[in-house]
There are 2 protein chains.
Amino acid sequence: MTKPISTKEKLLQAGRELFWTRGYSNVSVRDITGAAGVDAALVSRYFGGKQGLFEATLADLPPWDVLASDREGLLAKAVESFAQPYDPQTDLVNPFMLLLANVIDPVMGDKIRAFVQQGLAAPLAEKLGSAQAQERAAMLLAVLFGVALIRKNFQIQGLADKSPEALRAQITALARAALEFEP
Amino acid sequence: MTKPISTKEKLLQAGRELFWTRGYSNVSVRDITGAAGVDAALVSRYFGGKQGLFEATLADLPPWDVLASDREGLLAKAVESFAQPYDPQTDLVNPFMLLLANVIDPVMGDKIRAFVQQGLAAPLAEKLGSAQAQERAAMLLAVLFGVALIRKNFQIQGLADKSPEALRAQITALARAALEFEP
DNA sequence: TAGGGATGTCAACAAGTGTTGACGACTCCT
DNA sequence: AGGAGTCGTCAACACTTGTTGACATCCCTA
């Protein structure tokens, strides 16, 4: 007996998936409600509007487990989460792609920037704690976002078509350069 | 006596600037024509429509000078073009941002992907010519796009607020790791 | 001077957008 | 049984979107 999914949850799920792939303004309310099999008016009722639904999906992002690891296992964990193939259920690249696909948006850009700044860059720098913590954190994020972008969005051979093992080696090389940076 | 700018050129200029910052579907025809000080109907007349104007700006991108350099100067040149501050006239990060801002678009995504694949990744791999050319090319692009993304779009401290000299050192470290990658 | 092609202006169109309010069906508590 | 609260459905709204066609204006040529 599968437990019934509330329509609020249906909307969150469909919204997350569509916002992730196509970006905020390329997704209409009717696209979401159509995918969720729900009436279009319910977005405004439950979330106060399209914007509210987007912010809900943003607030709903799973925590980045790299931030929960100790300093030693940080690199391995960061690499691992990006070397995995895409899994729609418990995907860790997903949150990054959602952020990636919506920075450009004139409406949501500020919220995305704030989220990345406060939720990713700042805690990462604090965890590193070294002298060049801020630089290294920014560089690591650049590497991770860049790899995700090249793989998922640009789909360029040499990164998009690699096995998890091969990817691990490639990402490790870049991430290590970021984390060991000396001016 | 400044030579008069044709309205076709005005449209190309305004279109490029807006598409670059906000992405294809976040820019309306009236936005562009408003910025250019031109009637909205002229986009359809000159370019056959909004889509035609976008493709024109894409075809109008300046060539990436890294592809014209020899193998030795490649790293230095790639780093240099990304360490410069933003210059609206002869900016080399600009083309990358235009691509970056529009991969997600459901209409233009395919064209962008094809452009990056054929215009950047493939010639770059050919120029490298080594055994892991394809991997290294993809990794270099990941690094460069990632840095541009973190700087311009996410505006994260540690990369966004650095002088050209500091940036050069940081990007070089990452690009070297990409180009010297051994499996 | 007449004609024609390019160039710009204006109003309007059909389609799609997010959102709202009225209405009905349902469940739960007293 | 009655009433209240929740949930979903439907039609309609005001607005923006890209595009089109008719008209006016200019400039060059025959």
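Each chain gets a letter, A, B and so on, in the order the sequences are listed, and its residues count up from 1.
In this structure, B:I32 places its CD1 atom 17 Å from P of D:dT16, rounding to the nearest Å. Rounded to whole angstrom, the span from the CE atom of B:M108 across to the P atom of D:dG18 amounts to 11 Å. In this structure, B:D31 atom CG and D:dG18 atom C1' are separated by 12 Å, rounded to whole Å. A:F54 places its CZ atom 18 Å from the P atom of C:dT17, with the value rounded to the nearest Å. For B:K50 and D:dT16, the NZ to P distance is 15 Å, given to the nearest whole Å. Rounded to whole Å, the distance from CZ on A:F47 to C1' on C:dG18 is 16 Å. Here D:dT17 presents its C1' atom at 15 Å from CD of B:Q51, a figure rounded to the nearest Å. B:L11 has its CG atom 12 Å from the P atom of C:dT7, to the nearest Å.
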Give every pair of a protein N or O atom and an N or O atom of nucleotides 24-28 of chain C that lie under 3.5 Å apart, one pair per line with the distance.
none

Tabulate protein N/O versus nucleotide N/O from nucleotides 4-14 of chain D, keeping only pairs under 3.5 Å, one per line.
unit_1	atom_1	unit_2	atom_2	d
D:dG8	OP1	A:T7	OG1	3.4
D:dG8	OP2	A:T7	OG1	3.2
D:dG8	OP2	A:Y46	OH	2.6
D:dG8	N7	A:R45	NH2	3.4
D:dG8	O6	A:R45	NH2	2.7

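Panel note: side chain A:N102, backbone A:D105; no donor-acceptor pair is recorded below 3.5 Å. Judged by distance alone, the side chain of B:S69 and the main-chain N or O of B:V66 form a donor-acceptor pair under 3.5 Å. Not one N or O on the side chain of B:D60 forms a donor-acceptor pair closer than 3.5 Å with the backbone of B:A56. For the pair B:D161 (side chain) and B:G158 (backbone), a donor-acceptor distance under 3.5 Å is present.
For C:dT17, one of the phosphate oxygens OP1 or OP2 lies less than 4.0 angstrom from a side-chain nitrogen or oxygen of A:S28.
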Report all side-chain donor-acceptor pairs from residues 26-36 of chain B shorter than 3.5 Å, counting only partners two or more places apart or in another chain.
unit_1	atom_1	unit_2	atom_2	d
B:N26	OD1	A:S25	OG	2.3
B:N26	ND2	B:R22	O	2.8
B:S28	OG	B:R30	N	3.4
B:S28	OG	B:D31	N	3.0
B:S28	OG	B:D31	OD1	3.4
B:S28	OG	B:D31	OD2	3.2
B:D31	OD2	B:R22	NH2	2.9
B:D31	OD2	B:S28	N	3.1
B:T33	OG1	B:V29	O	3.1
B:T33	OG1	B:R30	O	3.3

Quick one: side chains of residues 132-141 of chain B, donor-acceptor pairs under 3.5 Å with protein atoms, not counting sequence neighbours, listed by atom name and distance.
unit_1	atom_1	unit_2	atom_2	d
B:Q134	NE2	A:Q157	OE1	3.2
B:E135	OE2	A:K162	NZ	3.4
B:R136	NE	B:L179	O	3.2
B:R136	NE	B:F181	O	3.0
B:R136	NH1	B:S130	OG	3.2
B:R136	NH1	B:L179	O	3.4
B:R136	NH2	B:F181	O	3.0
B:R136	NH2	B:E182	OE2	3.3

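For A:F145, the ring-ring contact (aromatic ring centres under 6.0 Å, His included) test picks out A:F96, B:F154, with sequence neighbours left out. For A:F54, the ring-ring contact (aromatic ring centres under 6.0 Å, His included) partners are A:F19, A:Y24, not counting sequence neighbours.
Counting heavy atoms from C-beta outward, B:N153 and A:L100 have side chains that stay 4.5 Å or more apart.
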